[in-house]
Amino acid sequence: MTENNSSPTVEASAKQSISRRKLLAYTGATLFAGVAGCSKSTNENETTTSQFTPPADSVFEDVDIEGPNLVVTLPQDHDIDRINLIDPDGNLFRQTGVAEGETRAELQIVFKTGGSYTAGEYELVAISGESSASLSVELRPEINVVAVEPELAEDDQNSTGGLIVTLENVGTGPTWIYNIGFRNTPYPNAPEVIEGDSFVDTVFERPNNPSNEFLAPGIEREFLKKRRVLVFSDTDEVSCEGDTAELAVVVQTPHGDFEQPIKATLSGGYHIRDQAAIQHSCENVDIELLDGGGDNA
(Lines give C-alpha, C1' and ligand atoms only; values in the text may rest on other atoms or scores of the structure.)
Protein backbone atom coordinates (compact mmCIF):
# COMPACT_ATOMS: atom_id res chain seq x y z
CA MET A 1 0.00 0.00 0.00
CA THR A 2 1.32 3.43 -0.91
CA GLU A 3 -0.39 6.57 0.30
CA ASN A 4 -0.10 10.04 -1.16
CA ASN A 5 1.64 11.73 1.77
CA SER A 6 3.25 14.70 0.03
CA SER A 7 1.52 17.03 2.49
CA PRO A 8 -1.28 16.81 5.08
CA THR A 9 -3.66 18.62 2.77
CA VAL A 10 -2.82 16.85 -0.52
CA GLU A 11 -0.97 18.73 -3.27
CA ALA A 12 -2.93 21.40 -5.10
CA SER A 13 -2.67 19.49 -8.36
CA ALA A 14 -4.49 16.56 -6.77
CA LYS A 15 -7.21 18.67 -5.16
CA GLN A 16 -9.11 19.17 -8.36
CA SER A 17 -12.88 19.00 -8.24
CA ILE A 18 -14.09 15.51 -9.15
CA SER A 19 -17.63 14.98 -10.34
CA ARG A 20 -19.31 12.25 -8.30
CA ARG A 21 -21.48 11.46 -11.31
CA LYS A 22 -18.35 10.83 -13.38
CA LEU A 23 -16.76 8.69 -10.67
CA LEU A 24 -19.85 6.52 -10.33
CA ALA A 25 -20.76 6.33 -14.02
CA TYR A 26 -18.83 3.11 -14.42
CA THR A 27 -21.01 1.21 -11.96
CA GLY A 28 -24.17 3.30 -11.94
CA ALA A 29 -24.71 2.76 -8.22
CA THR A 30 -23.65 4.16 -4.88
CA LEU A 31 -23.24 1.79 -1.96
CA PHE A 32 -24.38 3.40 1.27
CA ALA A 33 -23.10 2.71 4.77
CA GLY A 34 -25.01 2.18 7.99
CA VAL A 35 -23.83 2.54 11.58
CA ALA A 36 -23.01 -0.75 13.27
CA GLY A 37 -23.42 -1.58 16.90
CA CYS A 38 -20.70 -4.17 17.31
CA SER A 39 -17.49 -3.35 19.17
CA LYS A 40 -13.99 -4.75 19.05
CA SER A 41 -11.22 -4.55 21.61
CA THR A 42 -8.13 -2.43 20.91
CA ASN A 43 -6.44 -3.24 24.22
CA GLU A 44 -7.51 -4.32 27.66
CA ASN A 45 -8.78 -0.84 28.57
CA GLU A 46 -10.42 0.28 25.33
CA THR A 47 -13.12 -0.69 22.89
CA THR A 48 -13.86 0.94 19.58
CA THR A 49 -17.07 0.68 17.61
CA SER A 50 -17.03 -0.34 13.95
CA GLN A 51 -18.66 2.74 12.47
CA PHE A 52 -19.55 1.62 8.96
CA THR A 53 -21.08 -1.60 7.69
CA PRO A 54 -20.81 -1.95 3.90
CA PRO A 55 -23.63 -3.80 2.11
CA ALA A 56 -23.09 -7.47 1.33
CA ASP A 57 -22.40 -6.72 -2.36
CA SER A 58 -19.92 -3.91 -1.63
CA VAL A 59 -16.34 -4.01 -2.84
CA PHE A 60 -15.43 -2.84 0.67
CA GLU A 61 -15.33 -5.66 3.19
CA ASP A 62 -15.02 -3.34 6.21
CA VAL A 63 -14.44 0.34 6.93
CA ASP A 64 -13.28 1.42 10.37
CA ILE A 65 -11.34 4.14 12.17
CA GLU A 66 -8.13 3.58 14.11
CA GLY A 67 -6.56 6.63 15.74
CA PRO A 68 -6.32 9.35 13.06
CA ASN A 69 -6.79 6.90 10.17
CA LEU A 70 -9.68 5.70 8.06
CA VAL A 71 -8.97 1.99 7.56
CA VAL A 72 -10.39 0.01 4.65
CA THR A 73 -10.44 -3.79 4.44
CA LEU A 74 -10.78 -5.35 0.99
CA PRO A 75 -11.63 -8.94 0.00
CA GLN A 76 -8.82 -11.34 -0.86
CA ASP A 77 -9.71 -11.56 -4.55
CA HIS A 78 -10.10 -7.84 -5.25
CA ASP A 79 -8.56 -6.06 -8.24
CA ILE A 80 -8.66 -2.54 -6.76
CA ASP A 81 -5.56 -0.44 -7.43
CA ARG A 82 -6.50 2.90 -5.84
CA ILE A 83 -8.78 4.32 -3.16
CA ASN A 84 -9.89 7.97 -3.14
CA LEU A 85 -11.63 9.88 -0.36
CA ILE A 86 -13.83 12.66 -1.75
CA ASP A 87 -14.82 15.51 0.56
CA PRO A 88 -18.36 16.97 0.91
CA ASP A 89 -17.56 19.58 -1.79
CA GLY A 90 -16.59 16.93 -4.34
CA ASN A 91 -12.84 17.46 -4.05
CA LEU A 92 -10.19 14.80 -3.66
CA PHE A 93 -9.15 14.90 0.01
CA ARG A 94 -6.94 11.81 0.35
CA GLN A 95 -5.72 9.07 -1.96
CA THR A 96 -3.81 5.83 -1.53
CA GLY A 97 -2.61 3.16 -3.90
CA VAL A 98 -3.33 -0.52 -3.24
CA ALA A 99 -0.61 -3.01 -4.14
CA GLU A 100 -1.51 -6.38 -5.58
CA GLY A 101 -2.40 -8.81 -2.80
CA GLU A 102 -2.92 -6.07 -0.19
CA THR A 103 -6.25 -6.24 1.64
CA ARG A 104 -5.80 -3.30 4.02
CA ALA A 105 -5.50 0.38 3.16
CA GLU A 106 -5.13 3.37 5.50
CA LEU A 107 -5.87 7.02 4.83
CA GLN A 108 -4.81 9.48 7.53
CA ILE A 109 -7.51 12.14 7.92
CA VAL A 110 -6.47 13.94 11.14
CA PHE A 111 -3.12 15.75 11.41
CA LYS A 112 -1.36 17.61 14.21
CA THR A 113 0.20 19.94 11.65
CA GLY A 114 -3.14 21.13 10.23
CA GLY A 115 -5.15 19.99 7.22
CA SER A 116 -7.50 17.64 9.09
CA TYR A 117 -10.79 16.68 7.46
CA THR A 118 -13.87 18.86 7.83
CA ALA A 119 -16.89 17.12 9.37
CA GLY A 120 -19.45 15.97 6.82
CA GLU A 121 -20.40 13.24 4.35
CA TYR A 122 -17.55 11.77 2.32
CA GLU A 123 -17.39 9.33 -0.57
CA LEU A 124 -14.92 6.47 -0.31
CA VAL A 125 -14.19 5.44 -3.90
CA ALA A 126 -12.51 2.19 -4.95
CA ILE A 127 -11.02 2.35 -8.45
CA SER A 128 -10.10 -0.64 -10.60
CA GLY A 129 -8.86 0.29 -14.05
CA GLU A 130 -11.75 2.08 -15.73
CA SER A 131 -14.32 1.02 -13.11
CA SER A 132 -15.17 2.41 -9.70
CA ALA A 133 -17.58 1.93 -6.81
CA SER A 134 -18.21 4.09 -3.77
CA LEU A 135 -19.38 4.03 -0.20
CA SER A 136 -20.85 7.03 1.60
CA VAL A 137 -19.34 7.62 5.06
CA GLU A 138 -20.35 10.29 7.55
CA LEU A 139 -17.28 11.63 9.38
CA ARG A 140 -18.34 13.78 12.31
CA PRO A 141 -16.64 13.68 15.74
CA GLU A 142 -18.60 14.47 18.90
CA ILE A 143 -16.76 14.85 22.20
CA ASN A 144 -18.46 14.43 25.58
CA VAL A 145 -16.95 15.20 28.98
CA VAL A 146 -17.75 12.02 30.88
CA ALA A 147 -16.21 13.03 34.22
CA VAL A 148 -13.87 15.50 35.90
CA GLU A 149 -12.07 14.20 38.99
CA PRO A 150 -9.29 15.48 41.24
CA GLU A 151 -5.85 13.97 40.82
CA LEU A 152 -4.80 12.35 44.11
CA ALA A 153 -1.29 12.17 45.56
CA GLU A 154 0.00 8.62 45.82
CA ASP A 155 1.33 9.00 49.37
CA ASP A 156 -1.73 10.39 51.18
CA GLN A 157 -4.53 10.31 48.56
CA ASN A 158 -5.17 14.04 48.99
CA SER A 159 -5.83 16.32 46.05
CA THR A 160 -2.81 17.68 44.15
CA GLY A 161 -4.80 20.49 42.54
CA GLY A 162 -4.75 18.72 39.18
CA LEU A 163 -7.97 17.74 37.40
CA ILE A 164 -8.38 14.51 35.43
CA VAL A 165 -10.79 15.02 32.53
CA THR A 166 -12.37 11.89 31.01
CA LEU A 167 -13.46 12.34 27.40
CA GLU A 168 -15.43 10.13 25.03
CA ASN A 169 -15.89 10.43 21.28
CA VAL A 170 -19.50 9.47 20.57
CA GLY A 171 -19.42 10.68 16.96
CA THR A 172 -18.49 8.92 13.72
CA GLY A 173 -15.14 10.55 12.96
CA PRO A 174 -11.78 10.81 14.77
CA THR A 175 -10.33 14.01 16.19
CA TRP A 176 -7.27 15.29 18.03
CA ILE A 177 -7.38 16.66 21.59
CA TYR A 178 -4.70 19.30 21.22
CA ASN A 179 -5.44 21.18 24.43
CA ILE A 180 -7.56 21.21 27.58
CA GLY A 181 -7.75 24.64 29.16
CA PHE A 182 -9.80 26.20 31.95
CA ARG A 183 -11.77 29.42 32.36
CA ASN A 184 -12.54 31.34 35.56
CA THR A 185 -9.96 29.47 37.65
CA PRO A 186 -8.81 31.02 40.94
CA TYR A 187 -5.23 30.02 40.08
CA PRO A 188 -3.67 32.40 37.52
CA ASN A 189 -1.18 29.78 36.29
CA ALA A 190 -3.80 27.14 35.49
CA PRO A 191 -3.75 25.67 31.95
CA GLU A 192 -5.18 28.27 29.59
CA VAL A 193 -7.47 28.10 26.59
CA ILE A 194 -5.48 28.59 23.37
CA GLU A 195 -6.94 31.46 21.36
CA GLY A 196 -6.90 31.65 17.57
CA ASP A 197 -6.31 28.96 14.97
CA SER A 198 -2.80 27.97 16.00
CA PHE A 199 -2.88 24.31 17.01
CA VAL A 200 -0.25 23.94 19.70
CA ASP A 201 0.78 20.45 20.73
CA THR A 202 0.60 21.09 24.47
CA VAL A 203 2.03 18.47 26.78
CA PHE A 204 -0.27 16.17 28.73
CA GLU A 205 0.80 14.20 31.78
CA ARG A 206 -1.90 11.71 30.85
CA PRO A 207 -1.98 10.18 28.30
CA ASN A 208 1.82 10.05 28.22
CA ASN A 209 1.86 8.63 24.69
CA PRO A 210 1.20 11.50 22.23
CA SER A 211 -0.45 9.14 19.73
CA ASN A 212 -3.24 8.64 22.26
CA GLU A 213 -4.19 12.31 21.91
CA PHE A 214 -6.09 11.18 18.81
CA LEU A 215 -9.58 10.13 19.86
CA ALA A 216 -11.36 7.69 17.55
CA PRO A 217 -15.11 7.04 17.76
CA GLY A 218 -16.10 4.81 20.66
CA ILE A 219 -12.92 5.58 22.63
CA GLU A 220 -12.97 6.93 26.20
CA ARG A 221 -9.72 8.28 27.62
CA GLU A 222 -8.40 10.28 30.60
CA PHE A 223 -6.51 13.55 30.09
CA LEU A 224 -4.39 15.38 32.67
CA LYS A 225 -2.42 18.58 32.05
CA LYS A 226 0.96 19.02 33.73
CA ARG A 227 0.00 22.35 35.30
CA ARG A 228 -2.41 22.30 38.22
CA VAL A 229 -5.83 23.96 38.26
CA LEU A 230 -7.16 24.26 41.83
CA VAL A 231 -4.39 25.95 43.80
CA PHE A 232 -5.00 28.62 46.45
CA SER A 233 -3.22 30.97 48.82
CA ASP A 234 -4.12 32.59 52.13
CA THR A 235 -5.08 35.78 50.31
CA ASP A 236 -7.63 34.14 47.98
CA GLU A 237 -11.32 34.74 48.55
CA VAL A 238 -11.92 31.00 48.05
CA SER A 239 -10.72 28.81 50.92
CA CYS A 240 -10.38 25.08 51.49
CA GLU A 241 -12.88 25.13 54.35
CA GLY A 242 -16.11 24.30 52.54
CA ASP A 243 -16.11 26.94 49.82
CA THR A 244 -16.96 26.26 46.19
CA ALA A 245 -15.44 27.41 42.92
CA GLU A 246 -17.24 27.39 39.57
CA LEU A 247 -15.10 27.16 36.46
CA ALA A 248 -15.21 25.69 32.98
CA VAL A 249 -13.24 22.93 31.25
CA VAL A 250 -12.57 23.75 27.59
CA VAL A 251 -11.67 20.82 25.31
CA GLN A 252 -10.00 22.03 22.11
CA THR A 253 -9.92 20.04 18.86
CA PRO A 254 -9.39 20.88 15.17
CA HIS A 255 -13.14 20.36 14.76
CA GLY A 256 -14.17 22.92 17.37
CA ASP A 257 -14.06 23.54 21.11
CA PHE A 258 -16.34 22.07 23.76
CA GLU A 259 -16.94 23.83 27.09
CA GLN A 260 -18.13 22.01 30.22
CA PRO A 261 -18.93 24.06 33.35
CA ILE A 262 -18.05 22.42 36.67
CA LYS A 263 -18.38 23.19 40.37
CA ALA A 264 -15.63 22.24 42.80
CA THR A 265 -16.47 21.84 46.48
CA LEU A 266 -13.35 22.29 48.64
CA SER A 267 -12.78 20.92 52.13
CA GLY A 268 -10.19 19.55 54.52
CA GLY A 269 -7.98 22.62 54.67
CA TYR A 270 -4.77 23.15 52.76
CA HIS A 271 -2.81 20.14 51.58
CA ILE A 272 0.55 21.47 52.79
CA ARG A 273 3.60 19.38 51.98
CA ASP A 274 5.99 22.33 51.81
CA GLN A 275 5.43 24.79 54.67
CA ALA A 276 7.35 27.45 52.74
CA ALA A 277 5.03 27.22 49.71
CA ILE A 278 2.90 30.26 49.01
CA GLN A 279 0.10 28.38 47.27
CA HIS A 280 -1.44 25.03 48.11
CA SER A 281 -4.09 22.60 46.93
CA CYS A 282 -6.98 21.54 49.15
CA GLU A 283 -7.03 18.13 50.81
CA ASN A 284 -10.45 17.21 49.42
CA VAL A 285 -12.11 18.25 46.17
CA ASP A 286 -15.50 17.08 44.90
CA ILE A 287 -16.39 17.91 41.30
CA GLU A 288 -19.91 18.30 39.89
CA LEU A 289 -20.64 18.64 36.17
CA LEU A 290 -23.04 21.53 35.57
CA ASP A 291 -25.55 22.08 32.79
CA GLY A 292 -24.72 24.47 30.01
CA GLY A 293 -21.89 22.74 28.18
CA GLY A 294 -21.73 23.18 24.45
CA ASP A 295 -19.67 23.50 21.28
CA ASN A 296 -17.76 26.57 20.11
CA ALA A 297 -16.49 27.59 23.51
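Computed from a predicted model, the values in this text were never measured in an experiment.
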Does a side-chain N-to-carboxylate-O contact under 4.0 Å join K112 and E213? yes
For K263, give me all partners under salt bridge (Lys or Arg N to Asp or Glu O under 4.0 Å), at least two apart in sequence or on another chain. E288
Connected to Y187, directly or through other members, by ILVMFWY side-chain contacts below 4.5 Å are V231
Side chain to side chain contact (heavy atoms under 4.5 Å, CB included) partners of T73, counting only residues at least two apart: E61, D62
Count the heavy atoms of every other residue, nucleotide or ligand shown that sit under 6.0 Å from CD of E100, and state whether that count exceeds 12. no
List the steps and the verdict of side chain to side chain donor-acceptor pair (under 3.5 Å) for N144 and E168. CA-CA 5 Å; N144 283 348; E168 181 184 17; 5.2 Å; no
Where the side chain of R227 meets the backbone of N189, is there a donor-acceptor pair that is under 3.5 Å apart? yes
Using a 3.5 Å distance criterion without hydrogens, assess whether the side chain of H78 forms a donor-acceptor pair with backbone atoms of E102. yes
Inter- and intrachain pairs under salt bridge (charged side-chain N to carboxylate O under 4.0 Å, His left out), touching residues 136-150, at least two apart: E138-R140
Can any side-chain N or O of D243 pair as donor or acceptor with the backbone N or O of S239 at less than 3.5 Å? yes
I'd like to check D87 versus T118 (side-chain heavy atoms, cut-off strictly below 4.5 Å). Are they in contact? no
Name all residues meeting the side chain to side chain contact (heavy atoms under 4.5 Å, CB included) criterion together with N158; count only those two or more places apart in sequence or in a different chain, and write none if there are none. D156, H271, E283, N284
Should V229 and L247 count as side-chain neighbours, where that means a heavy-atom distance under 4.5 Å? yes
Side-chain contact test, heavy atoms from C-beta onward, threshold under 4.5 Å: evaluate it for E246 versus I262 and give yes or no. no
Spell out, as yes or no, whether a donor-acceptor pair under 3.5 Å connects the side chain of T253 to the backbone of G256. yes
Can you confirm whether V165 sits close enough to E222 that some side-chain heavy atom of one is under 4.5 Å from a side-chain heavy atom of the other? no
Under the salt bridge (Lys or Arg N to Asp or Glu O under 4.0 Å) test, which residues partner E205, sequence neighbours left out? R228
Do K225's NZ or CZ and the ring of F182 fall within the cation-pi criteria of under 6.0 Å and 45°? no
Sort out for me which residue in V285, I287, I164 forms a side-chain contact (heavy atoms from CB on, under 4.5 Å) with V148. I287
Evaluate Y117 against R94 for side-chain contact (heavy atoms from CB on, under 4.5 Å), listing each step before the verdict. CA-CA 9 Å; Y117 76 97; R94 297 295 290 166; over 6 Å; no
Between V71 and I65, is there a side-chain heavy-atom distance shorter than 4.5 Å? no
Other residues, nucleotides, ligands: >12 heavy atoms within 6.0 Å of N209 CG: yes
Do F232 and L266 touch side chain to side chain, with heavy atoms closer than 4.5 Å? yes
For residues T175 and N169, report the shortest heavy-atom separation together with the two atoms involved. N-ND2, 4.3 Å
